[in-house]
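Below is one structure; the comments refer to it alone.
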Amino acid sequence: MRASVRGRTVHLILTVLLVIAVIYVFLRSLRATFIPGVAVPLSLIGTFGVMYLCGYSLNNLSLMALTISTGFVVDDAIVMIENIARFIEQGDSPFEAALKAPSRSASPSCPSPSRWWRC
């Protein structure tokens, strides 16, 4: 049981590191990489804190759910960062680009399961 939980923990850490690497490789910007690089681990630490306060245990199911939900959240964040970078490249200010990006991408604004039906 402990080896299985340890394996899921390793997968979760690898997921976060892979996300940071992918964002840096494709956007080639330390600034765009820094935000998810800090936000994802902090949100996971906050999730562990809430799980502890609610009395939940750390088991295979909870770690697998955290790994999958991290993937969904990061996927949506990458889409938003790419849209913002595209608008900045087209000449918009960063503030205008951040306001325009959510309206141009439907998938992050829809609940994740409805993505399969292309809401």
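Keep in mind that this is a model prediction, so the values were computed, not measured. We use all heavy atoms of the structure for the numbers below, so side chains are in, but hydrogens, waters and symmetry mates are not.
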Could you give the distance from [atom1] ([X]) to [atom2] ([Y]), rounded to the nearest 0.5 Å?
X	Y	atom1	atom2	value
K100	Q90	NZ	CD	7.0 Å
L99	D92	CG	CG	10.0 Å
L30	I23	CG	CD1	12.0 Å

Linking I/L/V/M/F/W/Y whenever any side-chain heavy atoms sit under 4.5 Å apart, do [X] and [Y] land together?
X	Y	result
M51	V16	yes
Y24	I88	no
V38	I81	no
F34	L17	no

Which heavy-atom pair separates P102 from A98 by the least distance, and what is that distance?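 Distance-wise, the nearest heavy atoms are CD-O, 3.2 Å.
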Which heavy-atom pair separates N83 from A101 by the least distance, and what is that distance?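 Where N83 meets A101 most closely, the heavy atoms are CB-CB, 3.8 Å.
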Close side-chain approach of V22 and F26, heavy atoms under 4.5 Å: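 Yes, close enough: below the 4.5 Å cut-off.
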side-chain contact (heavy atoms from CB on, under 4.5 Å) against S57, all qualifying residues, sequence neighbours excluded: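 With neighbours one apart ignored, the set is N59.
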If hydrophobic residues (ILVMFWY) are linked whenever their side-chain heavy atoms come closer than 4.5 Å, directly or via other members, who joins F87 in its cluster?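 Besides F87, the hydrophobic cluster comprises nothing; the residue is isolated.
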With side chain to side chain contact (heavy atoms under 4.5 Å, CB included) as the criterion, how do Y56 and V50 come out once you've worked through the C-alpha distance, each side chain's angles and the decisive distance to 0.1 Å? CA-CA 9 Å; Y56 293 128; V50 170; over 6 Å; no
What side-chain hydrogen bond (donor to acceptor under 3.5 Å, both in side chains) pairs are there with at least one residue in residues 26-43, not counting sequence neighbours?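 Output for this query is empty, none listed.
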